[in-house]
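This report refers to the structure that appears directly beneath it.
Since we're looking at a predicted model, the values are computed, not measured.
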Amino acid sequence: GNYSATSEYLAVYRLLQTKNPEREFAALWGKLAADILMQSWDSAAEGLNQLKDEIESRSKQDDFNPLQSLQQRTWLIHWGLFVFFNHPTGKS
């Protein structure tokens with residue numbers, strides 16, 4: 001697939017979805033997946049941090065119930081393993 005273009009399109013799409021937080025959040029996940037598939041580890045690490053912050057924010061604002069918060073954090077750990085085991089400084 002054309003993951004480079006996908007990553008760029010999702011970054012732009014996310015900027016346009018400021019009034020729809022659900023779509024903006026979904027675009028974050030999509031961009032992370034595209035960055036991982038391109039093996040763009042720096043960008044993927046940045047995406048992980050953005051997702052972590054967004055999940056924390058949504059959990060504190062009660063946008064997520066406790067189960068949803070746990071599910072999102074579990075997926076974050078799952079995808080994060082790809083980044084941390086492949087990023088040059090991920091294991092340190």
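With a 4.5 Å cut-off on side-chain heavy atoms, Arg58 and Pro21 count as touching. Proximity of Asp35 to Lys31: side-chain heavy atoms (C-beta onward) are separated by under 4.5 Å at one or more points. Side-chain contact between Lys52 and Leu76 is present, with at least one heavy-atom pair separated by less than 4.5 Å. Phe64 is not listed as a side-chain neighbour of Gln71, based on a closest heavy-atom distance of 4.5 Å or more. Between Arg73 and Glu56, some side-chain heavy-atom pair lies under the 4.5 Å cut-off. Tyr3 has its side chain out of reach of Ile36: every pair of non-hydrogen atoms, C-beta onward, lies at least 4.5 Å apart. Residues Leu48 and Phe84 form a side-chain contact, since some pair of their non-hydrogen atoms from C-beta on lies under 4.5 Å apart.
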- Given Gln72 and Trp29, is the side-chain hydrogen bond (donor to acceptor under 3.5 Å, both in side chains) satisfied, shown in steps? CA-CA 10 Å; Gln72 292 296 321; Trp29 279 111; 3.1 Å; yes
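Ring planes of Trp79 and Phe82: tilted class, angle from 30 to 60°.
Of the inter-residue distances, the one linking Leu10 atom CG with Arg23 atom CZ reads 13.0 Å to the nearest 0.5 angstrom.
More than 12 heavy-atom neighbours from other residues, nucleotides or ligands sit within 6.0 angstrom of CZ on Phe25.
Taken together through direct or relayed side-chain contacts under 4.5 Å among Ile, Leu, Val, Met, Phe, Trp and Tyr, Leu32 and Leu28 form part of one hydrophobic cluster. Ile55 and Val83 fall within the same hydrophobic cluster, defined by Ile, Leu, Val, Met, Phe, Trp and Tyr side-chain heavy atoms under 4.5 Å apart, directly or through other members.
In terms of modelled atom types and a separation under 3.5 Å, the side chain of Ser57 and the main chain of Asp53 share no donor-acceptor contact.
Arg14 and Ala27 make their closest contact through CB-CB, 4.1 Å (heavy atoms, listed as atom of the first residue, atom of the second, distance).
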